[in-house]
Amino acid sequence: DQQVKQNSPSLSVQEGRISILNCDYTNSMFDYFLWYKKYPAEGPTFLISISSIKDKNEDGRFTVFLNKSAKHLSLHIVPSQPGDSAVYFCAASTGTGTASKLTFGTGTRLQVTL
Amino acid sequence: SAVISQKPSRDICQRGTSLTIQCQVDSQVTMMFWYRQQPGQSLTLIATANQGSEATYESGFVIDKFPISRPNLTFSTLTVSNMSPEDSSIYLCSAWTGLQETQYFGPGTRLLVL
């Protein structure tokens, strides 16, 4: 049972445009959400997070939106840069934030083209 | 933040053998975790490594197959025992420092079992 889903395995965006990566979840107990970026042969790197008490969190070019009623979150990257090309994972946790189990989606491979 | 290293970075092993993966953090951390990423899959939590006591395993993972040690607050090992080709995966160590709401990940150990 995949509790966190990223339905787009890949996305191609032109440099300078907006990248929108989507994530859906089924477990209503999730109350903390994170986005990680992963380059080949490296571990996931934390990008941005959001608590369920918020519906938006922004950090530079990265903004995460949370729609609790739809059990949906999205990551916006504006403007997209070639260095953003990587696999992006969304993850979710319950109760104790990231002191406990993270449940990951299957990832979306973002390709930013020139 | 925390910087995490893993050894080995990759290995090719024969079925029936065992491999121990080491995870070293550059500072004392509250929690350490072991994840597995099978080909084309998301990251799945194997267990929480508890300092000074037995690890806490997720459903589907057992101590006999994945024994874990955590002798102190900066180091942990995961052993993959009696390996089969189905154990071919990337194994990742992560840590939670208690100070920031994210888990930091090591670069992963890429294991191929023949």
Side-chain angles (χ1 to χ4, degrees), chain A residues 1-10 21 23-27 30-54 57 59 62 64 66 86-109, chain B residues 1-11 21 23-26 29-51 55-61 89-112:
Chain A
D1 175 32
Q2 189 71 24
Q3 297 187 57
V4 178
K5 300 177 184 179
Q6 294 176 256
N7 291 318
S8 298
S10 64
L21 295 96
C23 180
D24 298 294
Y25 62 95
T26 58
N27 187 343
F30 288 143
D31 59 2
Y32 191 73
F33 304 89
L34 309 90
W35 284 94
Y36 284 87
K37 178 170 72 173
K38 186 179 185 301
Y39 293 118
E42 295 183 12
T45 302
F46 171 72
L47 269 179
I48 192 169
S49 62
I50 188 166
S51 165
S52 61
I53 62 173
K54 295 184 177 181
N57 189 27
D59 184 1
F62 302 93
V64 56
L66 175 62
V87 178
Y88 290 77
F89 291 94
C90 69
S93 69
T94 62
T96 50
T98 59
S100 61
K101 172 183 180 179
L102 292 180
T103 301
F104 283 84
T106 50
T108 296
R109 183 178 301 276
Chain B
S1 66
V3 178
I4 301 174
S5 59
Q6 287 184 232
K7 289 182 183 178
S9 59
R10 58 177 62 228
D11 208 341
I21 302 168
C23 176
Q24 179 73 54
V25 189
D26 69 341
V29 293
T30 308
M31 309 282 287
M32 294 181 74
F33 306 89
W34 286 97
Y35 289 82
R36 178 175 76 179
Q37 185 183 17
Q38 294 179 299
Q41 308 279 327
S42 60
L43 283 76
T44 301
L45 181 66
I46 297 171
T48 302
N50 300 310
Q51 194 265 326
T56 304
Y57 290 85
E58 295 296 307
S59 175
F61 298 97
S89 297
I90 300 174
Y91 292 86
L92 298 113
C93 166
S94 76
W96 182 63
T97 66
L99 297 176
Q100 291 185 336
E101 285 302 310
T102 184
Q103 288 182 19
Y104 297 93
F105 282 83
T109 295
R110 188 178 296 270
L111 171 62
L112 177 63

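Only a predicted model underlies this, so the values are computations on that prediction, with no experimental measurement involved.
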(request) Report the option among B/Thr56, B/Leu45, B/Leu43, B/Ile4 that has the most heavy-atom pairs separated by less than 4.5 Å from atoms of chain A. (result) B/Leu43
(message) Using heavy-atom distances under 4.5 Å, tell me whether A/Gln6 contacts chain B through its side chain, its backbone, both, or neither.
(response) neither
(message) Can you tell me which portion of A/Ala41 sits under 4.5 Å from chain B's heavy atoms? Options are side chain, backbone, both or neither.
(response) backbone
(message) Less than 4.5 Å to any heavy atom of chain A: does that hold for the side chain of B/Gln6, its backbone, both, or neither?
(response) neither
(message) Using side-chain heavy atoms (C-beta onward) and a distance below 4.5 Å, is A/Phe46 in contact with B/Gln103?
(response) no
(message) Could you work out, with ring-ring contact (aromatic ring centres under 6.0 Å, His included) as the rule, every residue matching A/Phe62, not counting sequence neighbours?
(response) none
(request) Could you pull out all residues at least two apart from A/Asn7 that satisfy side chain to side chain contact (heavy atoms under 4.5 Å, CB included)? (result) A/Lys5, A/Asp24
(message) For A/Tyr36 and B/Thr102, which I'm curious about, is there any donor-acceptor pair between the side chains at under 3.5 Å?
(response) yes
(message) To the closest 0.5 Å, what do you measure between CG (A/Leu102) and CZ (B/Phe105)?
(response) 5.5 Å
(message) Please report the interatomic distance CD1(B/Ile46) to NZ(A/Lys101), rounded to the nearest 0.5 Å.
(response) 12.0 Å
(message) If you define the side chain from C-beta out and look only at heavy atoms, does anything of A/Gln2 sit under 4.5 Å from B/Gln41?
(response) no
(message) Ignoring hydrogens, what is the shortest heavy-atom contact between B/Gly106 and A/Pro44? Give both atom names and the distance.
(response) O-CD, 4.5 Å
(message) Quick check: closest heavy atoms across B/Ser42 and A/Gly105, and the distance to 0.1 Å?
(response) CB-O, 2.8 Å
(request) Heavy-atom pairs under 4.5 Å with chain A are the metric here; pick the option from B/Pro107, B/Ala95, B/Gly108 that has the most. (result) B/Pro107
